[in-house]
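Working notes, beginning with the structure itself.
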Protein chains: 2
Amino acid sequence: MNTASPGGDERPARWLTDHEQQAWRSYIQATMLLDDYLDRQLQRDAGMPHIYYALLVQLAQAPHRRRRMTELAIALKITRSRLSHAVARLERNGWVRREDCPSDKRGQNAILTEEGMQVLQQAAPGHVEAVRQAMFDRLTPEQVGQLGEIMRILAEGLQPQDSAADLPWLR
Amino acid sequence: MNTASPGGDERPARWLTDHEQQAWRSYIQATMLLDDYLDRQLQRDAGMPHIYYALLVQLAQAPHRRRRMTELAIALKITRSRLSHAVARLERNGWVRREDCPSDKRGQNAILTEEGMQVLQQAAPGHVEAVRQAMFDRLTPEQVGQLGEIMRILAEGLQPQDSAADLPWLR
DNA sequence: GACTAGTTCTTGAAAGTTGAACTACATTGG
DNA sequence: CCAATGTAGTTCAACTTTCAAGAACTAGTC
């Protein structure tokens, strides 16, 4: 019905220990719940899903409030296709506009509009408060450190290999 | 364009410390990357997204390999609507079938078919290996413990409101 | 110049998700 | 028993995401 797992099928398959299983289940539950929670919060208070908000944040922090599409896609760790649709939607809302890249005619810059900046400024406090209340108010400073370190390790291991390799305009 | 944040706008809004921001960014990145990674792995090797796989696992572990729809939705922490669609799709594939609940005519049981069980058994080792390779092989046993504890705390805090209400002994 | 290969971004269709409206049945209180 | 209200699950419309394909451009090579 689908491709068999590649070579070495006879390997006895290391299972997870109870300890690991418990951590895994908690991880899945917590990340799903938190993701849903923040998505709903932002949908309600700012009219957009979490990733769209993150996109506006990226633009707000960038010099001149603008950034190349590919750069954005990499920073947000999403596909260019997804980004295209997202920017198209934000553009329809008037939060973002596009501009041809002068140095590379294939390129596009996404630019945060004044209106987009205002939406962001209105949404930010509520969002930060939600994050704080859902995560940081519940963890000790020590746990925050542990979480940061663990997540840093996991993210590093999942980075699409090339990542830093070729972005000449970032150098 | 959207609802203004409710009352008390003048509150100075506690921001995140650098320490917290760093942890937050790593968290967002790691969870996005891991989710994508596992979704792709399961789509490739088992022809379904992660949550659908989790649904089959739930059924496989349930007595008689069957479970009430609402019960499943709660266990998976998804909406009933989403579950309806998921079961419909899995039913079209022949992995799951439905059955009227004898004791409550409104109810439906989802049942794992023999074919579904086989798909699951084929997919499981590869999935476990992916989880292991992406997470547990990179963390020390101590970190696994920390992660489990942290995620347990977060999940608990996000449980749809009632949760703590009728578990007085947890207070 | 023109060929080839690679990059950038968009597009359209299919698959998945969401929230609200809806159907059908169950339960409760008079 | 009956009306009112609640619960189980589905369906609809709007939206987001993914996948595969393609248009437009750049750069290296002969």
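Chain identifiers are assigned alphabetically (A, B, ...) following the order of the sequence lines, protein sequences preceding nucleic acid strands; residue numbering begins at 1 within each chain.
One can place CZ of A:Arg89 at 13 Å from C1' of D:dT17, the figure rounded to the nearest angstrom. When rounded to the nearest whole Å, the span between CD of B:Gln108 and C1' of D:dG9 equals 7 Å. Rounded to an integer number of Å, the gap from B:Arg68 CZ to C:dA26 C1' is 11 Å. In this structure, the CG atom of B:Asp35 is 18 Å from the P atom of D:dT16, given to the nearest Å. When rounded to the nearest whole Å, the span between CZ of B:Arg92 and P of D:dT10 equals 13 Å. Rounded to whole Å, atom P of D:dC25 lies 7 Å from atom NZ of A:Lys105. Computed from coordinates, the A:Leu55 CG to D:dT17 C1' distance equals 15 Å when rounded to whole Å. Rounded to an integer number of Å, the gap from B:Asp39 CG to D:dC19 P is 9 Å.
Which of C:dT18, C:dT7, D:dG6 sits closest to the side chain of A:Arg106 comes down to C:dT7. Nearest to the side chain of A:Asp104, among D:dT16, D:dT26, C:dG19, sits D:dT26. Of all nucleotides listed (D:dG9, C:dC9, C:dT10), D:dG9 comes nearest to the side chain of B:Arg98. The side chain of A:Ser81 sits closest to D:dC19 out of C:dG16, D:dC19, D:dT17. Which of C:dT18, D:dT17, D:dT10 sits closest to the side chain of A:Asp36 comes down to C:dT18.
The shortest distance between side-chain heavy atoms of A:Val131 and B:Glu20 does not fall below 4.5 Å.
Residue-to-nucleotide contacts include no donor-acceptor pair under 3.5 Å from the side chain of A:Arg82 to the base of D:dT17. The base of D:dG9 has none of its N or O atoms less than 3.5 Å from a complementary donor or acceptor on the side chain of B:His85.
With respect to the salt-bridge test (charged N to carboxylate O, under 4.0 angstrom), the residues B:Arg97 and B:Glu91 do not qualify.
Listed pair B:Arg80 / D:dT10 fails the phosphate criterion, with no side-chain N or O lying under 4.0 Å from OP1 or OP2. Using a 4.0 Å cut-off, no side-chain N or O of A:Tyr52 falls inside it from OP1 or OP2 of D:dC15.
Map B:Gln43 and A:Arg40 each onto its nearest nucleotide of DNA chain C; the residue landing nearer the 5' end is B:Gln43.
Side-chain atoms of B:Tyr37 and B:Gln133 include a donor-acceptor pair closer than 3.5 Å.
Across all strands, A:Ile51 comes closer than 4.0 Å only to sugar-phosphate atoms, never to a base (heavy-atom distances).
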Verdict with reasoning, B:Glu114 to B:Arg65, per side-chain contact (heavy atoms from CB on, under 4.5 Å): CA-CA 10 Å; B:Glu114 195 46 50; B:Arg65 294 184 187 167; 3.4 Å; yes
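Without hydrogens or angle criteria, A:Asp39 side chain to A:Pro49 main chain gives no donor-acceptor distance under 3.5 Å.
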